[in-house]
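One structure is given below, encoded as structure tokens.
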Amino acid sequence: MAASINDDDIPQLSAETLRALYEFYEERTSKMTEEMKWEKKEIEEDWQLSQFWYDETTAEILAKEAIALAGDNGKIACISCPTVYKKLRSLNDGKLQLQLRLLEYDKRFGTYGDDFLFYDYKSPLDLDRLLETAFDVVLADPPYLSEECLSNMAETIKFLAKDKIILCTGAVMEELAHKLLGVKKCSLKINHKKNLGNKFNCYVNYEPSFA
């Protein structure tokens, strides 16, 4: 005869544990809801932060190039180029298992959760040591066309990258970019949603598919 089960045999959670579980699930649900809203929300450029978003075609070409380099399970870091990160995120569906990070000064991008890392180019190595040479591909777009900005960001790029680098910056920075990172201009034309007076190029340290 099977033994009977009464309520005393069933493990009971304390009120404190139940409250903690409730708060955990409530926080997770809230976070997921915010992320779903964020996917539909378009963050406007803040010109005071020297933000200029790429157009859809440029963002997609760069994102697909990064995926081809990193592989389906690769790790990709985007420094100050949120439009590429957003495109990577949309492409990172059930078929891919990419690990993405967005390093940004603008804390509005904090709604991307753990993918977001606050980054100030003036403190280029203020990063977790576990991130050293952790990324198969690093894409970067220095916010300012200055020697200080590019030099500092180059330190960050070399710290994060295993090998492949994609740098998008003004044509006037070409010589310095090559000196600091060994990158060369490729044929990809960088277009922005809003036209800029400065000519922008794409620089890489490998043979790109769009060369």
Salt-bridge present ([X], [Y]; N to O < 4.0 Å):
X	Y	answer
Asp115	Arg89	yes
Asp106	Arg108	yes
Lys193	Asp55	no
Glu60	Lys64	yes

Could you pull out the closest heavy-atom pair between [X] and [Y], with the gap in Å?
X	Y	answer
Leu145	Gly170	CD2-N, 3.4 Å
Thr58	Asn191	OG1-N, 3.2 Å
Cys81	Glu104	N-OE2, 4.5 Å
Leu160	Ala77	CD1-CB, 4.4 Å
Leu180	Lys158	O-NZ, 3.6 Å
Gly74	Asp136	CA-OD2, 3.3 Å

With a 3.5 Å cut-off and no angle check, do the side chains of [X] and [Y] form a donor-acceptor pair?
X	Y	answer
Asp163	Tyr206	no
Thr156	Tyr119	yes
Asp120	Ser123	no

Just wondering, do [Y] and [X] contact through their side chains at under 4.5 Å, heavy atoms?
X	Y	answer
Ile166	Val138	no
Leu62	Cys168	yes
Cys202	Leu167	no
Met173	Ser146	no
Lys75	Leu98	no
Leu125	Phe159	yes
Cys149	Pro143	yes

Distance-only, no hydrogens or angles: does the Asn205 side chain make a donor-acceptor pair with backbone N or O of Gly182 under 3.5 Å? no

Determine whether more than 12 heavy atoms belonging to other residues, nucleotides or ligands lie under 6.0 Å from atom CD of Glu147. no

Go through it in stages, so that I can follow the logic: the residues are Lys87 and Glu56, the test is salt bridge (Lys or Arg N to Asp or Glu O under 4.0 Å), and I'd like the CA-CA distance, side-chain angles, deciding distance and then a yes or no. CA-CA 8 Å; Lys87 177 58 66 175; Glu56 186 71 14; 2.3 Å; yes

Carefully, step by step, assess Ile190 and Leu188 under the rule side chain to side chain contact (heavy atoms under 4.5 Å, CB included). CA-CA 6 Å; Ile190 302 298; Leu188 178 64; 4.0 Å; yes

Working to the nearest 0.5 Å, report the span between [atom1] of [X] and [atom2] of [Y].
X	Y	atom1	atom2	value
Lys164	Lys162	NZ	NZ	11.0 Å
Leu88	Leu96	CG	CG	9.5 Å
Leu102	Phe118	CG	CZ	12.0 Å
Leu117	Cys78	CG	SG	11.5 Å
Leu103	Leu127	CG	CG	6.0 Å

Taking the six-membered ring of Tyr203, is NZ or CZ of Lys184 closer than 6.0 Å to its centre and within 45° of its axis? no

Does the plane of the ring in Tyr54 sit parallel, tilted or perpendicular to the ring in His192? Use 30° and 60° as the thresholds. tilted

For Asn201 and Thr169, run side chain to side chain contact (heavy atoms under 4.5 Å, CB included): C-alpha distance rounded to whole Å, both residues' side-chain angles, the deciding distance at 0.1 Å, then the answer. CA-CA 6 Å; Asn201 293 325; Thr169 190; over 6 Å; no

Apply the test side chain to side chain contact (heavy atoms under 4.5 Å, CB included) to residues Val137 and Ile67: give CA-CA distance (whole Å), side-chain angles for both, the deciding distance (0.1 Å), then the verdict. CA-CA 9 Å; Val137 185; Ile67 292 172; over 6 Å; no

Across all chains, not counting sequence neighbours, the salt bridge (Lys or Arg N to Asp or Glu O under 4.0 Å) partners of Glu65 are none

Looking at the rings of Tyr112 and Tyr85, which for Trp means the six-membered one, are their centres under 6.0 Å apart? yes

Going through the distances and angles, do Tyr144 and Leu150 end up as a side chain to side chain contact (heavy atoms under 4.5 Å, CB included)? CA-CA 8 Å; Tyr144 301 103; Leu150 180 55; over 6 Å; no

